[in-house]
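Take a look at the structure below.
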Amino acid sequence: MEKHFGILLDVSYSFNEKKQSFLSLCVKTKKGKEFFFERGFFPYFYVIVDDAKKRLPEIESHLFANKFPVRKAAIEKKSNAENVIKLSFNNTEELKEAREEVKKFPFVLERHEYDIPFTKRYLLDTGLAPMNGITLETKNGSDIENAKPFDADEKDITGLCMAAFDLETHSPGRFSNPLKDPIISIAMTAGEKELVFAWRKDQKKDASVFFESEKEVAEEFVSQMEKTSPDIVVTYNGDSFDFPYLAQRCKKLGVELKRAFFGHEPRLKRMGLDNAYRINGVQHLDAYKVIRVMNRFGVVNLVKFDLESVSDAIFGANKKKVDHNDINLAWETGKGMKEVIDYNREDATYTYRIAQRYLLLYAELCRLSHETLFEASRSGASSLVEDLLMAKAFELNALVPNKPEEGEVKKRMLQSFKGGYVKEPVPGLHENIAVLDFRSLHPSIMISHNVSPETLRCTHGECMEGKNVSPDKDWFCMKQKGFIPTVLEEILEKRVQAKKGMKKTSPKDPAYALFASKQQALKILLNSHYGYLGYPRSRWYSRQCAKAITAWSRHYIRDINIKAEQENFIALYTDTDSAFLKVPKEKTKEDVLEFVKKMNSELPGAMELEFEGYYRRGIFVTKREGGAAKKRYALLDFDGNLKIVGFEYVRRDWAKIAKDTQRQVLQAVLELGSPQKAIELVKDKIKKLREGKVEKKDLIVLTQIKKPLKSYESIGPHVAAAKKAVARGKEIEVGSTVSFIITKNGKSISDRAELEEFVKEGNYDADYYIEHQLIPAVIRIIAELGVSKEDLVQGGKQKSLEFFS
DNA sequence: TAATTCGCTAGACCGA
DNA sequence: TCGGTCTAGCGAA
């Protein structure tokens, strides 16, 4: 018996000569990357039958497909079901046949856990998780006798070998065609190591080119990758570009790409409409997808996702883009190859840095969900939550609910439920505003009220009439802690620990990054559970639970407003989990803190009202149709910091000139309490626009193309601009963001819209930018101080209203 | 083709 | 050419 320790990287399965499924575990140990084999774990699923004792022998003697019996059948005790029989099979093919066949058995009432992939099954049952520690006992060198998880620390993860690469290709057409257009250079970054392999057509004239041919470049890349032998390989959009391109070229050139990765070929894996490249034993991290997901989870907030914008936003990189045409030209003529090589190297390096930045966060997500890094980095909230819940269900010996069938999904999609409470604000300028909010409102309600699908409407008489009834009359068991609350409490506790860890560690300490990543990952999962309960495709779907959670949320935040008003605060505005209170002159910040303390003493344990901040001034504006606008406001704190929420300023689909002016106007209005300066500002901008002096970059509007261009019913400016560009030969993908400008040429706004790249400086419609961008962005703000549109446009007499003396 | 609902605003579209 | 309705996108929570 030998013992091994390491980090689990990957699990895959195959068949042996006896047609039995067995698992291969790829583990990073002290010796490097090693593969171990689990031959004693078999695929299985469950059935619920009418009478387990009676049916067990019937199942045992049955020949599936008239060929094979069940490998093993056994009655299982489950915490949430009776008459459960576990059916194991020699291999996954047999399981697939059997799970269909049992549907026809009249005594089989339900099937469960029949669609869990074998590798996932193994990870759930053993508690092992990718990117976490694994202790192995083996015989014959690599056959697993016993495998157990242990908590890896930050050094184990950052100690993994990571390599990023990036291709530059020739693109004489608009796009490179892997069948004919060669790779010009490949850059590779692994830690300190930064390499570029390049070649060009006529290399005699350029000494900076290192190789004679594309084939040599590819060979060198493969050799270097083999030598580096990474555990994680990183690309930027490698799922869609670098991997398929490289694979095609290597095939054509007769270069063995798999040599780069332990003899494992990168394989295309279809994930819905999306493609992904997966390599056995090497985790492919597509940093582009990482960024997209981080954006969705609110870890970053980005509009554009090209590597330049992303590295600029995250690292302040100011990375320069080298245009396709320049790359082509350099390769064709030899002039400017150095720029191409530098550009290529930077691409690989920033790709590497992005991966490095989020590696620990993903390691934590892997650990919680038991997904591989490859999977977790391509997963949305629902799959992370679901996999976490499945792992917990196994721990708690509970049967996992089935995925809904398509018909059921459709039905669920038609049923919505009421969300949070949003109070119409008191419009106008206000002074001394305290903002309070509930910390993790939804999770804390779920924990406090034991909200879970199986505690909903329990049959205990006292629960039905007891204290735990939601405002819309659903009740949840008070006797037994529910599944979801159990899981949430655990996550919450882990997060508290991680935050404690952060506090006692210096930000310079490498351990700090681990704590920070952990708490971030836990926060993502914590906040996703409520949405998951209301998500039509989820296994633990419960509209009733989601509905009860929001009903309680409305109750609690309203209650805060009521109690606040009883204490002579004025409830200005409310959105879901936050309350804006105007603090009257005779009260202070301390009174607010006192109020918060009092509220917390009355709230259930897991719930907590927090003091978010105290502001000198704030503004809410009136909508065009009247009434005050919800979800848009601006606050100015006592240090002069401006917080703008919901306004055009924070929206990508407005021109910079309008957004910047709006921010300046808000700043001026809130700081001075009067509109004069704001009016001057706006008039100045109008003048500049009229004079044609405004630069293109300040006029660009960014909008996403969300569906195929031909399926739009209503042709808005962004669609019109995109269509015109396509007619000129540009390719526009679904999901891409287009930048457009409203020009002078055309009738409707859409007629005048053109993609920015086709517009010359100075060709813009000043009237449009004044009437449809600048004025709408500011008018509702200064209108709160009595200024009208005419005061702006005609320079009419100014109001001399002073709001605060 | 992968968490939810609430809300604002624009510009096209359509019929009078 | 008008006013109402609908499509579309994005943001707050």
Side-chain angles (χ1 to χ4, degrees), chain A residues 270-276 293 296-298 301 303 378-387 403-404 406 409 412-413 415-425 437-438 440-442 524-543 545-547 549-550 553-554 557 573-579 621-625 627-633 644-654 658 701-707 711-720 734-735 737-738 742 747-753 768 771-773 776-777 780:
Chain A
R270 288 216 150 258
M271 298 178 102
L273 291 175
D274 238 14
N275 289 337
V293 170
R296 273 220 303 279
F297 289 162
N301 186 11
V303 178
R378 291 165 178 78
S379 285
S382 72
S383 110
L384 291 170
V385 168
E386 194 152 280
D387 285 345
K403 275 188 189 162
E406 247 355 82
V409 172
R412 290 178 181 181
M413 284 198 287
Q415 300 183 308
S416 196
F417 57 91
K418 217 169 153 185
Y421 167 63
V422 190
K423 176 184 154 62
E424 184 175 316
D437 56 24
F438 280 104
S440 302
L441 177 66
H442 293 135
I524 289 169
L525 282 172
L526 199 60
N527 290 340
S528 301
H529 278 75
Y530 150 72
Y532 175 78
L533 283 174
Y535 170 55
R537 311 192 99 89
S538 88
R539 289 177 187 266
W540 274 273
Y541 176 81
S542 174
R543 196 175 129 266
C545 285
K547 188 166 157 265
I549 295 163
T550 56
S553 83
R554 294 190 297 274
I557 198 69
Y573 174 60
T574 295
D575 187 349
T576 313
D577 61 356
S578 61
V621 301
T622 307
K623 288 185 287 183
R624 215 217 299 259
E625 327 81 89
K630 299 166 176 177
K631 299 190 187 279
R632 359 185 89 197
Y633 56 84
I644 303 175
V645 178
F647 277 116
E648 286 76 6
Y649 174 69
V650 300
R651 297 180 63 98
R652 72 169 93 154
D653 55 350
W654 279 73
V701 175
L702 293 172
T703 311
Q704 214 189 339
I705 299 291
K706 303 194 83 154
K707 49 186 181 180
S711 54
Y712 277 88
E713 283 179 46
S714 175
I715 312 298
H718 66 299
V719 180
V734 172
T737 303
V738 295
I742 305 302
K747 260 177 99 182
S748 72
I749 293 170
S750 286
D751 288 340
R752 281 174 284 156
Y768 169 81
E771 294 289 332
H772 294 257
Q773 292 275 337
R780 281 160 219 151

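Residue numbers start from 1 in every chain, and the chains themselves are labelled A, B, ... in the order their sequence lines are given, proteins ahead of strands.
In this structure a side-chain-to-backbone donor-acceptor pair under 3.5 Å is present from A/R752 to A/K747. The backbone N or O of A/I524 lies less than 3.5 Å from a partner atom in the side chain of A/S528, making a donor-acceptor pair. A/Q704 contributes no side-chain N or O that, together with a main-chain N or O of A/V738, makes up a donor-acceptor pair within less than 3.5 Å.
Nearer the 5' end of DNA chain B, as judged by each residue's closest nucleotide, is the contact made by A/R780, out of A/I715 and A/R780.
Considering only side-chain atoms of A/P536, the nucleotide from B/dT4, B/dT9, B/dC8 that sits closest is B/dT4.
Taking A/W654 as the reference, nothing meets the ring-ring contact (aromatic ring centres under 6.0 Å, His included) condition, with sequence neighbours excluded. With sequence neighbours excluded, the residues forming a side chain to side chain donor-acceptor pair (under 3.5 Å) with A/D387 are A/K120, listed by chain and number.
We find that CZ of A/R554 is positioned 13 Å from C1' of B/dT4, with the value rounded to whole Å. One atom, NE2 of A/H442, and another, C1' of C/dA13, lie 8 Å apart when rounded to the nearest Å. The CD atom of A/E406 sits 10 Å away from the C1' atom of B/dT1 (whole-angstrom rounding). Rounded to an integer number of Å, the gap from A/R539 CZ to B/dA2 P is 18 Å. Rounded to whole Å, atom P of B/dG11 lies 14 Å from atom CG of A/D751. A straight line from CG of A/D387 to P of B/dA3 spans 12 Å, rounded to a whole angstrom. Note: CE (A/M413) to P (B/dA3) measures 13 Å, nearest angstrom. Between the CG atom of A/N527 and the C1' atom of B/dT4 there is a distance of 12 Å, rounded to whole Å.
Within the nucleic acid shown, A/R543 has no heavy atom closer than 4.0 Å to any nucleic acid atom. Looking at heavy-atom distances under 4.0 Å, A/S416 makes contact with sugar-phosphate atoms alone, never a base. Using a 4.0 Å heavy-atom criterion, one finds that A/H772 contacts the sugar-phosphate atoms exclusively. Residue-level contact check: A/G531 touches the bases, meaning some heavy atom is under 4.0 Å from a base atom. Note on A/S750: only backbone sugar-phosphate atoms sit closer than 4.0 angstrom, heavy atoms only; bases stay farther off. Residue A/W654 is in sugar-phosphate contact alone, with no base atom involved, counting any heavy-atom pair closer than 4.0 Å across all strands shown.
Nucleotides C/dA8 and B/dA3 are separated by 22 Å at their P atoms, to the nearest Å. Comparing the P positions of C/dC10 and B/dA2 gives an interatomic distance of 16 Å, to the nearest angstrom.
Using a 4.5 Å heavy-atom cutoff, the side chains of A/M271 and A/R378 are in contact. Looking at heavy atoms from C-beta onward, A/L526 lies in side-chain contact with A/S440 at the 4.5 angstrom threshold.
Between A/W540 and A/Y532, the two ring planes are tilted [angle within 30° to 60°].
One finds no side-chain N or O of A/R537 lying less than 4.0 angstrom from the OP1 or OP2 phosphate oxygen of B/dA3. For B/dA2, neither phosphate oxygen OP1 nor OP2 lies less than 4.0 angstrom from any side-chain nitrogen or oxygen of A/S382.
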* To do: Scan nucleotides 1-12 of chain C nucleotide by nucleotide, 5' to 3', and note B when protein non-hydrogen atoms come under 4.0 Å of the base, S if they reach only the sugar-phosphate, - if neither.
  => ------SSBBBB
